[in-house]
Each structure stands twice: as C-alpha cells, then as structure tokens.
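The structure appears below as structure tokens.
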Amino acid sequence: ISPRQLILGMHARGFISGAEAVAAATTGAMPAAVEAVVLTLPAEAQIAARVTWARMTVVLRIDPLVDLLAASQGLSAAEVDAFFAACAAL
C-alpha cells in the first residue's frame with residue numbers, strides 16, 4: 001500500500017489522531033504510537049525505522065516494523081491482513 005493509504009487507514013482505525021495523520025502526510029512526522037514502538041528497538045534499528053518512515057514510498061505487509069506495530073495494538077496476522085486489504089481500497 002502507499003504511505004497515504006497507511007496513514008488514512010491508521011487514522012480510520014483510531015491508531016492515530018487526525019492531527020497526527022495530517023502531520024505524517026505533510027511533514028513526515030512520526031505519530032506517537034509509531035514513535036513508542038520505535039523507542040523499544042535497539043539504537044541501530046531505531047535509525048533504520050526512522051529512515052524507513054521518513055522515506056517510504058511503499059508499505060510492505062512483510063516489513064518487520066509492520067509486525068511490531070501490529071503487536072503493539074494487539075492485532076493478529078489475520079487482522080493485519082484485513083487492515084492492509086482495507087487500506088488498499090482507500
């Protein structure tokens with residue numbers, strides 16, 4: 001999915017606020033829920049996650065950060081798959 005689809009999907013699902021969605025779309029700001037997950041990573045992985053967030057052009061379902069974010073929200077693999085399917089329609 002595209003970053004736009006991800007951001008809209010995260011907002012629609014209540015993972016991020018409207019203000020965070022707009023900030024992510026316009027400035028690349030990392031929403032608080034994403035930041036909280038990134039902060040749990042080792043330093044080098046934090047750098048990789050921040051660069052990925054700032055420069056992503058496609059969001060892959062198989063990205064390890066997707067699984068970390070899903071786990072932080074208590075989502076099953078099937079729920080993540082459904083989220084990606086819903087986002088693809090946006």
Side-chain angles (χ1 to χ4, degrees):
I1 59 176
S2 71
R4 174 192 167 275
Q5 291 167 313
L6 173 69
I7 292 165
L8 289 174
M10 291 177 77
H11 177 255
R13 183 93 188 217
F15 295 152
I16 63 174
S17 69
E20 287 177 309
V22 171
T26 58
T27 69
M30 190 175 281
V34 178
E35 177 71 21
V37 171
V38 169
L39 288 174
T40 68
L41 301 172
E44 286 301 311
Q46 285 186 32
I47 292 167
R50 290 179 195 289
V51 169
T52 298
W53 179 268
R55 292 315 211 187
M56 65 182 165
T57 57
V58 175
V59 182
L60 300 175
R61 168 62 183 91
I62 60 170
D63 189 302
L65 187 56
V66 168
D67 289 333
L68 288 172
L69 291 168
S72 76
Q73 298 295 318
L75 299 177
S76 68
E79 289 171 316
V80 177
D81 292 341
F83 173 79
F84 266 72
C87 287
L90 295 174

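Just so you know, these numbers use all the heavy atoms, side chains as well, and skip hydrogens, waters and symmetry mates.
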Main-chain N/O of M30 paired with E35 side-chain donor or acceptor, under 3.5 Å = no

message = On a heavy-atom basis, which atom in A32 and which in E20 lie closest, and how many Å separate them?
response = N-OE2, 2.8 Å

Heavy-atom closest pair, residues H11 and A21 = CB-CB, 4.1 Å

inquiry  = Minimum heavy-atom separation for W53 and G28, please, with both atom names.
reply    = NE1-O, 3.1 Å

note = Between the CG atom in L65 and the CG atom in L41, the distance rounded to the nearest 0.5 Å is 7.0 Å

remark   = In short, R61 meets V80 closest at the heavy-atom pair NE-CG1, 3.2 Å

message = For R13 and L75: C-alpha separation, side-chain torsions, deciding distance, then whether side-chain contact (heavy atoms from CB on, under 4.5 Å) applies.
response = CA-CA 12 Å; R13 183 93 188 217; L75 299 177; 3.1 Å; yes

query = What's the spacing between M56 CE and I7 CD1 if we round to 0.5 Å?
reply = 5.5 Å

message = Check for me, please, whether I1 and L8 land in the same ILVMFWY cluster - side-chain distances under 4.5 Å, paths through other members count.
response = no

message = My understanding is that only one of V37, L6, D63 makes a side-chain contact (heavy atoms from CB on, under 4.5 Å) with L69; could you say which?
response = V37

request  = Using a 4.5 Å cut-off on heavy atoms from C-beta on, say whether the side chain of M10 contacts that of F83.
outcome  = yes

task = Calculate, to the nearest 0.5 Å, the distance between atoms CZ and CD belonging to F84 and Q5 respectively.
result = 10.0 Å

note = In short, L39 meets Q46 closest at the heavy-atom pair O-NE2, 3.4 Å

